[in-house]
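Only a predicted model underlies this, so the values are computations on that prediction, with no experimental measurement involved. Letters go in sequence order (proteins before strands), and every chain restarts at 1.
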Amino acid sequence: MMSGGVSGGAENRQASRFSLRIAVLGGAALVLFAVIFLRLWYLEVLSGDEYLAEAQDNQVREFTVQAPRGEILDADGKPLVTNRTALALQIRTDELPVGRERQAQLLRRTAELIETPVERIRKEIRLQTLEAPASPVTLERDVPYKLVYYLSEHQRDYPGVTIDRIYVRRYPQGTLAAHALGYVREINEEQLAEPQWKGIESGDFIGQDGLEYSYDSVLRGVNGATRVQVDADGLPTGKALSTREPEAGNDLITSLDVDVQRAAEEAMEARGLPGAFAAINVNTGGVVALGSYPTYDPAVFSKPIVTESTYERLTAEDQGNPLFNRAIKGGYPTGSTFKPITALAALDSGNVTTTEVIGDSTGFFSVGTQRFYNAGQAVLGSQSLQGALQVSSDVFFYNLGFRTNSQEPDGGALQEWARQLSLGSQTGIDLPNEEPGRIPDPKWRNELYADGLTDREWTVGDNINLSVGQGDLAADPLQMAVAYATIGNGSDVMRPHLGLRVEDPSGRTVQEITPEPRRTVEIEDDWRQTIMAGLEAAAMSPGGTSYGCFGNFPIPIAGKTGTAERYGYEDQSWYVALAPAENPEIAVAVTMEEGGFGADSAAPATKQILAEYFELERVDPGCGVETGRIE
Amino acid sequence: MEAMPRPRSFATARQREEASERTSLLQMDFMLLAASLLLVGFSIYTLAVTTSGDIPGEPYFYAIRQAIYVIVGIAVMLAAARVDYSRFRELRVGIYAGMLLLIAAVFVFATATRGTRAWIELPFVNFQPSELGKVMLLLALSAFVIDRVRRDGEGRRTLQILVMGLIPAGMVLMQPDLGTASVYVVITFAVLFIAGTDWRHFLAIFGVAAAAVAGAFLLVPAVTGEPVLETYQEDRLTSFLDPSDDPADSSYQINQSLIAVGSGGKIGRGDESTQSQNGFLPERHTDFIFAVVAERFGFVGAALLLSLYALLIWRALRILTMSKNLYGSMIAGGIAAMLLFHLFVNVGMNLGIAPITGIPLPLMSFGGSSVVAMFLAIGILQSIYIQARLTSKSRAPAL
């Protein structure tokens, strides 16, 4: 087939070379086809299942549908914490376009969209991914609708930027009861590793403090999920594969009374001193009001990021450490409000009777060379227990402290009764991080002494100090309220609780919260009557330490002032009351740092709390009448 | 024949007369025709079912256009089949010059698409001269190489042909279109190869080329501070080596293509083909149409498609051997090599074993220029076949 005219040999050579070339070409074709077929076989037949799984992975995305968290209400159903829905602009970092330059461009355009510097966006992404790496980064809450529409129309230009409906905690009462309520935040990385939070995914919100924390499992709903098919841009194709509806969390009805709580907080704020209050039902332990001053706005924790400066402000000492819940962590000496406990201890241990009269002609009590004076070095004369409580005779109780002293490591009757009445340990309230406080005893002081942390061992002087609530005692208002409530009800040391019952979203009660008393103590009737009479006289009778405050109060109450010396501070003001005196319903304890005499600061606040509790109108809010004698 | 300035067929004047009188189309290679028609049918069907949601309101946007291109292509094929391809040899200088002009025209008229100036906007279609240029280059180079079979020393001939091939290749590379440029190089080598060029010449060429490439990559950036390849070209060329290494653009495409192909399994996913349907697969109607076929129709479908190509290439090689003259053999061989290169590079890219280059899958990928150019090539194959049969009839027995 070659052209003619070529000599035979050359033509043959040419022809054979040509055939060889064709063979090579054909061979190359065969090899290439073989390679392609083998590769195709490998991909489709041998690895088909893996790739099918990858393809399905590619196109299925699970969108979490946030479940609304349950609400927290007061005893009358007034809302304390609710939810509001917010449209949030979020960035899903795992869906951002690939490549540094394209990402940078997207962030720039997003920054333009929400009119914020791109540095802020980068910072938010950095901070929030640090806190919760797998969850979307919230850039803006409450995005205007115009932007929502724009974004939904131009979604393809903003891959990974989404508008999601999220629930944000709302506080209809503002800062009210902030410490009791606590707050929610996204679960952080440390918490994710804790067994307590098993099953909670990154990005979920959990209670971080207060009731939100304690009742988290009740309040937290079950997030729903929609598995949808998406296209390469991550946009739904409209095909939903499965849907699980979110289940709203249950509501928590608390024993709090919004009005009493507000009255208490207003009273605290009016005085402006750091302090705390606790008001509990004497017979159930239900907490009617509980708070700490200064307080804070729990809504700050609803923001995606709590800045360092915000946190510093909330914990700064010169700001009064607003985050610190003094009601359950305070740890103060209680002053004379401790005296009823001393009375019970001395009565129970036979160191005094309800009628014994102890003389006081000097205004002090001496042990060896040491003298323990009445407040103001007043000379109050001979008293029995009831009168000693009414006028708050220190000398009387110094005697009891002297008599009940014990060198046993755990101390004597005083320590035992203080412990029985819930001091020195957690009351067991349904709030996290309660501080136990301290009841000084020989073991405690002698150990300190052994470690060289104090200059002396336990002496009777320590017990004498304790008998009037001075010295190393550390207790908070809640503990004092529980102790007085026990005297009020005559036997039961209640476990205070804020939670009253749990209702499902339809309003059906699913759980009643009625904790058993932690223990019962034996208080003989005449002991109780004597003490109650002394406390009532202190508040209601002329000469009583808080008569000026409560003398004209329409409902007879039993109450005790306290003025505690606190090293490095001005005196701490205390007041603890039981009301009504006859058949107490409520125990209220109020303390104010550097508030001076109990009757000056804590008693007026208590008065306002009780006035609100008993819904009394036209009660003089102040304690205008000078008592003339304070402790 | 060495003394003849123009090629002559073996047929006598009487026979040629006879041939032109009869309807030469009936002498066509119907296997080749069937293979090419089945392929474009496959293409139109695949486009119809895959891209129906792409253009709102026009579900068959791509399929209809491809069908129109196919009709034009078939007309071109039939026309080419009727022409005695030997006439192209006479027009070699014109064809070569025309090709250069066409390619050069893009630099004047073309609009850039994704950074490449390869298309000329005509009133109704965008025309990509470099596609047509492939066939023109083959026709011209084959003619030149035969001109020089005896006239020059072999070494000089090799050099001349090489330069003639590399000029348009270089122009296409400047568009820049690396894939198409490489096709030009392949065509040049195919022509040299079939023309019987000495092995040592190829060795020398590869040696020089390797040195030049090494020099270019080392020296050019050092001197000018500019890289030789555009960044995207380099990415595309190297990312197939390890697609999962970095999920940047090029490897993303390869990964998605691999997932598409693999997920097709034995019998394909049909309408559940999420990779190609939901936008994961890029360029699915052009460069990655093979992956679409593999996902939708599975191994069975892809193998069927490859079989059609095998048929096409087998027929081309058979026509090579049947050709009545060396020119026909050169052309048929060049077309076979071109098809093979297209097929391997495109399918290989879809299967993750070849770099990403914008080389279309012949007759399958959407695109008028490519389809028409391929049909032109097949028409020329038909012409070679028809001429061979006409000649052999008079000279029986046939090959």
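Note: B:G298 leads B:A337, B:G348, B:G298, B:G264 in heavy-atom pairs under 4.5 Å with chain A.
In terms of heavy atoms, B:F193 sits closest to A:R21 at O-NH1, 2.6 Å. Residues B:F344 and A:V35 approach most closely at CE1-CG1, 4.1 Å, considering heavy atoms. The minimum heavy-atom distance between A:A29 and B:I313, with the atom names listed, is CB-CG2, 4.3 Å.
Contact of the A:F33 side chain with the B:L340 side chain is registered, since non-hydrogen atoms from C-beta on lie closer than 4.5 Å.
For residues 38-56 of chain A, a heavy-atom distance under 4.5 Å to chain B picks out A:R39, A:L40, A:W41, A:L43, A:E44, A:V45, A:G48, A:Y51, A:L52, A:E54, A:A55, A:Q56, given by residue number.
In this structure, chain A has heavy atoms under 4.5 Å from both the backbone and the side chain of B:V261. For chain A, the nearby part of B:F290 is the side chain; its heavy atoms alone come within less than 4.5 Å.
By the ring-ring contact (aromatic ring centres under 6.0 Å, His included) test, A:F37 pairs with no residue at all, sequence neighbours left out.
Note that OH of B:Y309 and CG of A:L32 are 15.0 Å apart. Values are rounded to the nearest 0.5 Å. Distance check: B:L343 CG to A:I36 CD1 gives 4.5 Å after rounding to the nearest 0.5 Å.
Heavy atoms from other residues, nucleotides or ligands lying under 6.0 Å from CD1 of B:I267 number 12 at most. The number of heavy atoms from other shown groups lying within 6.0 Å of CZ (A:R109) is above 12. Within a 6.0 Å sphere centred on CD of A:E194, heavy atoms belonging to other residues, nucleotides or ligands number more than 12.
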